[in-house]
Amino acid sequence: MNKPGLVLVSVSLLALAAAAYAHNAICDCFDNGDETITCEGGFSDGGKAVGVPMRVLDTSGKVLIDGKMSDKSDFSFPKPKVDFRVEFDGGQGHIVTIDGRDIEK
Amino acid sequence: MLYTPEAALKESAPVELALVFSHPFDNGFTMNMGKPEEFYVVAQRGEGEPKKTDLMQYLEPIEWAGLDSKAAAYVARPPRNVTRSLGDYTFVLRPAPYYEGNEDKYIQQITKTVINVGGLPGAWDEPLGLPVEIVPLDKPYANWVGGVFRAVVLSDGKPVPHAEIEVEYLNHEPQIGERRFDPAAKVTAPQESFSTLSVRADAAGQIIIGLPKAGWWAICALNLDDGLKHEGKELSLDAVLWIKATDMK
């Protein structure tokens with residue numbers, strides 16, 4: 001008697017799991033023109049990126065700044081004096097890397 | 001027409017707009033526009049708060065060439081910081097009422113064009129609370145050619161059953177730099193009925209249109225608010241939504 005119900009439950013759980021991963025991480029940064037950079041992020045389903053870890057690294061991979069997205073899904077930091085890249089770490093498969101040279105005003 | 005070349009920008013960039021009053025399919029006769037009553041953009045990134053930016057200061061009066069006539073129109077080049085964030089941008093134009101001599105009445109078409117930066121959606125499916133508006137049920141900036149587009153027609157926030165709709169393809173691509181429509185047409189109508197497609201909303205005020213060709217399509221819901229007057233004459237209050245179809249290749 002229980003079997004059909006169990007099958008249905010597991011199918012719907014699978015469907016939920018598939019749906020939960022069917023989005024992409026999105027992050028973009030701009031130069032505020034006052035020696036600071038602001039990055040904004042989110043997910044392609046409109047989801048927020050609150051608390052997502054953000055890292056600023058130099059060309060050797062050394063972490064210069066370690067932070068996270070604010071409750072507005074943004075992250076501001078002082079512009080490093082050296083070449084750098086920004087990593088938005090939305091979890092496995094959801095890491096976005098932005099080259100500092102591509103960040104415009 | 002509230003035109004900008006791209007509906008889905010890969011990354012933030014300054015957006016150039018042309019505000020022209022014409023018949024999008026044939027573009028022969030272009031009509032004079034008075035100074036718009038309102039011109040602004042509502043930006044929203046993901047589930048964040050919507051942010052309204054007035055754009056009236058960026059309006060530049062110009063003369064725009066249709067195929068058979070020139071008329072007063074506007075271009076606007078808001079600076080990059082207006083469209084710098086990721087998300088949806090709904091541009092709204094409330095033009096000055098236009099006197100249509102043939103019908104001895106005024107026409108005012110409240111027009112929306114929705115674009116997106118970076119693929120992070122905003123509230124493209126929410127009404128802005130305009131007196132009349134067409135609210136998308138499908139992302140208005142991400143439509144493949146051959147798909148359908150659905151929307152609901154609202155007046156005072158309520159669906160308009162059986163609303164009278166006109167759909168036109170933007171057959172002559174605007175050339176903002178030259179301030180004209182491309183004289184070359186993309187398609188030819190076999191008969192006048194094909195220039196302006198006529199559609200009725202269903203009993204729930206919903207419309208569905210097909211998108212058989214890449215480019216911009218205008219959906220116009222006519223005469224949504226009975227009994228309005230402007231300078232003693234009848235005023236037809238219309239809602240327009242521009243959407244773009246993209247080739248699947």
Whatever's closer than 4.5 Å to a heavy atom in chain B on T38(A) counts as neither

Most contact-rich option vs chain A, by heavy-atom pairs under 4.5 angstrom, among E11(B), E49(B), Q44(B), R45(B), is R45(B)

W64(B) ring center near F181(B) ring center (under 6.0 Å) = yes

Bottom line for R80(B): the part with an atom under 4.5 Å from chain A's heavy atoms is side chain

**Asked** Are E16(B) and Y3(B) linked by a side-chain donor-acceptor pair shorter than 3.5 Å?
**Response** no

| said: I'd like to know if the side chain of T196(B) pairs up with that of E166(B) as donor and acceptor (distance under 3.5 Å, no hydrogens or angles considered). | reply: no

Acceptor/donor pairs from residues 204-214 of chain B side chains to any protein atom, 3.5 angstrom cut, sequence neighbours excluded:
none

